[in-house]
Visitor: 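Sharing a structure here in structure tokens format.
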Amino acid sequence: MPSDVDTLLALPGIGAYTARAVAAFAYGQRCPVVDTNVRRVVARAVHGAGDAGPPSTTRDMADVAALLPAVDSVAARYSAALMELGALVCTARAPRCADCPVFDTCAWQLAGRPAYNGPAKAVQKFAGTDRQVRGRLLDVLRGSPGPVARPLLDAAWSDSSQRDRCLDSLLVDGLIEQTDSGLFALPGEH
Ligand code: SF4
């Protein structure tokens with residue numbers, strides 16, 4: 001597996017998020033890893049907004065890059081911490097501000113927790129979305145008595161690029177595991 005973001009991005013099925021997550025978390029590099037949770041933390045703690053607006057890869061990356069410490073290994077830990085903060089503390093509906101390590105400097109807190117008044121987020125239809133593809137892939141594994149070979153998963157969705165991206169994200173998220181012999185299985189079922 002390459003460690004360089006540009007090389008990772010050139011691989012089929014590897015998108016902006018996955019490439020940077022591999023570089024940061026597998027190789028300890030300083031590069032912004034931006035998911036929905038991170039965007040929300042930055043919107044609140046840095047910009048004082050109640051929530052993140054519509055995504056913009058360029059702006060979101062620049063926002064997070066500006067926060068990262070200079071040393072690679074420290075930046076990689078910082079990236080993991082940002083993601084955990086958004087997932088566990090600064091949650092979308094009920095942020096646990098009293099337990100938050102950045103409470104004292106959070107711009108949203110200091111501004112009096114104003115309601116989000118930015119542009120409405122686009123609601124993605126379910127049909128054809130990555131969520132649907134991920135569900136199809138998981139259904140294949142749930143319906144199989146044991147680990148399955150790649151062609152069975154390939155048959156679940158015709159768009160190979162989207163299918164590869166979704167399979168990769170399921171592997172990264174730990175919802176699917178790959179066996180030593182290259183088969184795919186649900187966690188703990190091989
Ligand atoms: S203080 Fe509250 S709003 Fe600010 S970052 Fe922490 S959890 Fe989020």
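Bear in mind that the values here come from a model prediction, so they are computed numbers and not experimental data. Both ligands and their constituent atoms are indexed starting at 1 by order of listing.
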Visitor: To the closest 0.5 Å, what do you measure between CG (L8) and CE (M1)?
Guide: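 With rounding to 0.5 Å, CG (L8) is 6.5 Å from CE (M1).
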Visitor: Using a 4.0 Å cut-off to any heavy atom of Q109, which atoms of ligand 1 qualify?
Guide: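 So the atoms of ligand 1 that pass are 1 (S), 2 (Fe).
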Visitor: Going by the order shown, which atoms of ligand 1 are within less than 4.0 Å of some heavy atom of C90?
Guide: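 In order of number, 3 (S), 5 (S), 7 (S), 8 (Fe).
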Visitor: May I ask you to decide whether D168 forms a salt bridge with R165, counting only side-chain N to carboxylate O separations under 4.0 Å?
Guide: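 No.
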Visitor: Determine whether a donor-acceptor pair (N or O, by modelled atom type, separation under 3.5 Å) exists between the side chain of R134 and the backbone of C166.
Guide: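 The answer is no, because no donor-acceptor pair under 3.5 Å joins these two groups.
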Visitor: Would D164 and R150 pass as an ion pair if we require N to O under 4.0 Å?
Guide: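 Counted as a salt bridge, because a side-chain N and a carboxylate O are separated by less than 4.0 Å.
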Visitor: Going by the order shown, which atoms of ligand 1 are within less than 4.0 Å of some heavy atom of C100?
Guide: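 Numbered from 1, ligand 1 contributes 1 (S), 5 (S), 6 (Fe), 7 (S).
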Visitor: With distance as the sole test, does R44 use its side chain to make a donor-acceptor pair with the main-chain N or O of C106 at under 3.5 Å?
Guide: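 Not a single qualifying donor-acceptor pair exists.
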Visitor: Going by heavy atoms, is V102 under 4.0 Å from ligand 1?
Guide: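 Right, V102 reaches ligand 1.
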Visitor: List every atom of ligand 1 that sits less than 4.0 Å from any heavy atom of R44, numbering the atoms from 1 in the order shown and giving each element.
Guide: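 Numbered from 1, ligand 1 contributes 3 (S).
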Visitor: Relative to the heavy atoms of W108, which atoms of ligand 1 are at a distance of less than 4.0 Å?
Guide: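 This gives 3 (S) as the contact atoms.
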Visitor: Contact between R20 and V33 at the side-chain level, heavy atoms closer than 4.5 Å - yes or no?
Guide: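 R20 vs V33: side chains touch.
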Visitor: Can you list the ligand 1 atoms lying under 4.0 Å from a non-hydrogen atom of C97?
Guide: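 Counting atoms of ligand 1 from 1, those under 4.0 Å from C97 are 1 (S), 2 (Fe), 3 (S), 7 (S).
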Visitor: Within 2.8 Å of atom 4 (Fe) of ligand 1, is there any N, O or S atom belonging to C106?
Guide: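 True for C106.
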